[in-house]
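In what follows, every chain begins at residue 1, and chains take the letters A, B, ... in the order their sequences are listed.
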Amino acid sequence: MSLLFEFFHTLKATLIDVLPILSIILVFQLLVIRKPIPKVKQVGFGFFYVLIGLALFLLGLEKALFPLGKMMAEQLTDPKFIYAEQAINAVPSWLDYTWVYIFAAAIGFSTTIAEPSLIAVAIKAEEVSAGAINANSLRISVAIGVAIGVALGSFRIVAGHPIHYYIITGYIIVVIQTMFCPKLIIPLAYDSGGVTTSTVTVPLVAALGLGLASTIPGRSPLIDGFGLIAFASLCPIIAVMAYAQLTQINTHKKQNIK
Amino acid sequence: MQQQLIIFFKSLIGSCKDLLPIILVIAFFQFVVLQQPLPNLGDIFIGLILVVLGLTFFIYGLEMGLFPIGESMAQSFARKGSIWWLLTFAFCLGFGTTVAEPSLIAVAKEAANVAAKGGIIELSKTAQAEYANGLRFTVAFSVGLAIVVGVLRIIRGWPIHYLIIGGYAMVVIMTSFAPKWIIGIAYDSGGVTTSTITVPLVTALGVGLASAIKGRNPMVDGFGLIAFASLTPMVFVMVYGMVIGG
């Protein structure tokens, strides 16, 4: 019974979230375009399904995945787990945190695969490219990018390096790749950076960053805890372009053999 | 009806597959690395079922509602031929969807807290609320502007990489001038602006426009709106930081 109550609560929150978009669409459709919406019944049902789907999705995440993922992030970054029976190092060595990097990469990859907005963009990309871009391969390359990004970001927090060196290096790599990458993929690759950091990934990744920054001596949650998300939105751009470049090299090789 | 059901079940299985990696990761770390039993197994099981159902409904509704409305509006605007109305719509869409975004409200509140503790603004409720609202409107304005620039790019057919690389250069330059406490918040604010409903809608808008305008390729010109929307907030939040506390 309480589950039903919680569902309606989340549904209400989602509805409030969607209301501005819905009113903008309606105002422009009715006052500016001044034409009835094509297939209005189907679109209406579509919106209804999206609402119900998002509410169920968020409720499920709140119930099952977030508490567990956040608890695990806390436990893995806890000095008691990291040093077990050894003495706690006053100056942390980045080697002590191997499990944290592995967890960061794994959670980055798996949450990105379940990210609804990435699924949406991947479906659209496959449709528009007439199948030249495979939705699943795109999602997997983005997920690999996020995995590397979050792991690298965790390493940065442990090592205590300033964030902008990493980000600026990343930008330089993106610029160089842009020059050599197939032109078709570039806008999609840029988009995939913004898409990844959404409903599922952000809460878990943020918990990991705050856990790390608040347990390692000498790190401040305010300055070091932020910024994992910046890594998670930069690395997918590099990964998607790399994927396109690898595919291009492969097809060239095949043609040469023929 | 039967066909609809088959499609529904197929996407249900797809959603299960999408969730499998998370389940495996959590199970592995919980049992093998941390070596602890799972707490409230019942809750977790119910939660997972809800997540799978939710994802299925969302994707189902996406192709029925969000994609078609985005594309049909793009085509209507293109046919109407009024650039100004299109740009106004673009701005409203960017601004309106961001200003009410719950994750942005949360981040702005947190940032106000940090700023008050750091002595950048007064330690009072009104000063904090003002600061948080200022941040929110800055981000929302910058997203609105981003969609406008992105739509203009599609109409004119400008290549995307000059604009994005120019944006990166701005972020890098601003980083060296902006106060240190705003940088982390600025970098993260780019990520929180694009919500689950905005992304499909904006993507459909871009693709719809690019396919309605002659000489544009939906693949090359249609994508890229979201890239703008996650770049401009970084620049504008740093400007905001410089204006507030130099």
Would you give me the side-chain donor-acceptor pairs under 3.5 Å for residues 179-188 of chain A, sequence neighbours excluded?
none

Is it the backbone or the side chain of B:V199 that comes under 4.5 Å from a heavy atom of chain A, or both, or neither?
side chain
So what's closer than 4.5 Å to chain B heavy atoms on A:L118: side chain, backbone, both or neither?
neither
Using heavy-atom distances under 4.5 Å, tell me whether A:P116 contacts chain B through its side chain, its backbone, both, or neither.
both
Contact origin within A:I25 toward chain B - heavy atom pairs under 4.5 Å
both
Output all residues satisfying salt bridge (charged side-chain N to carboxylate O under 4.0 Å, His left out) with B:E71, sequence neighbours left out; order by chain, then residue number.
A:K124
The interface call for A:K39 against chain B, heavy-atom contacts under 4.5 Å, is neither
What part of A:A143 gets closer than 4.5 Å to chain B, counting heavy atoms only: side chain, backbone, both or neither?
neither
Between A:L61 and chain B, which part of the residue has a heavy atom less than 4.5 Å away: side chain, backbone, both or neither?
both
Atom group of A:I237 that falls short of 4.5 Å from chain B, counting heavy atoms
side chain
Under 4.5 Å from any heavy atom of chain B, what part of A:V174 do you find: side chain, backbone, both or neither?
side chain
Is A:I167 in contact with chain B via its backbone, its side chain, both, or neither, using a 4.5 Å heavy-atom distance?
side chain
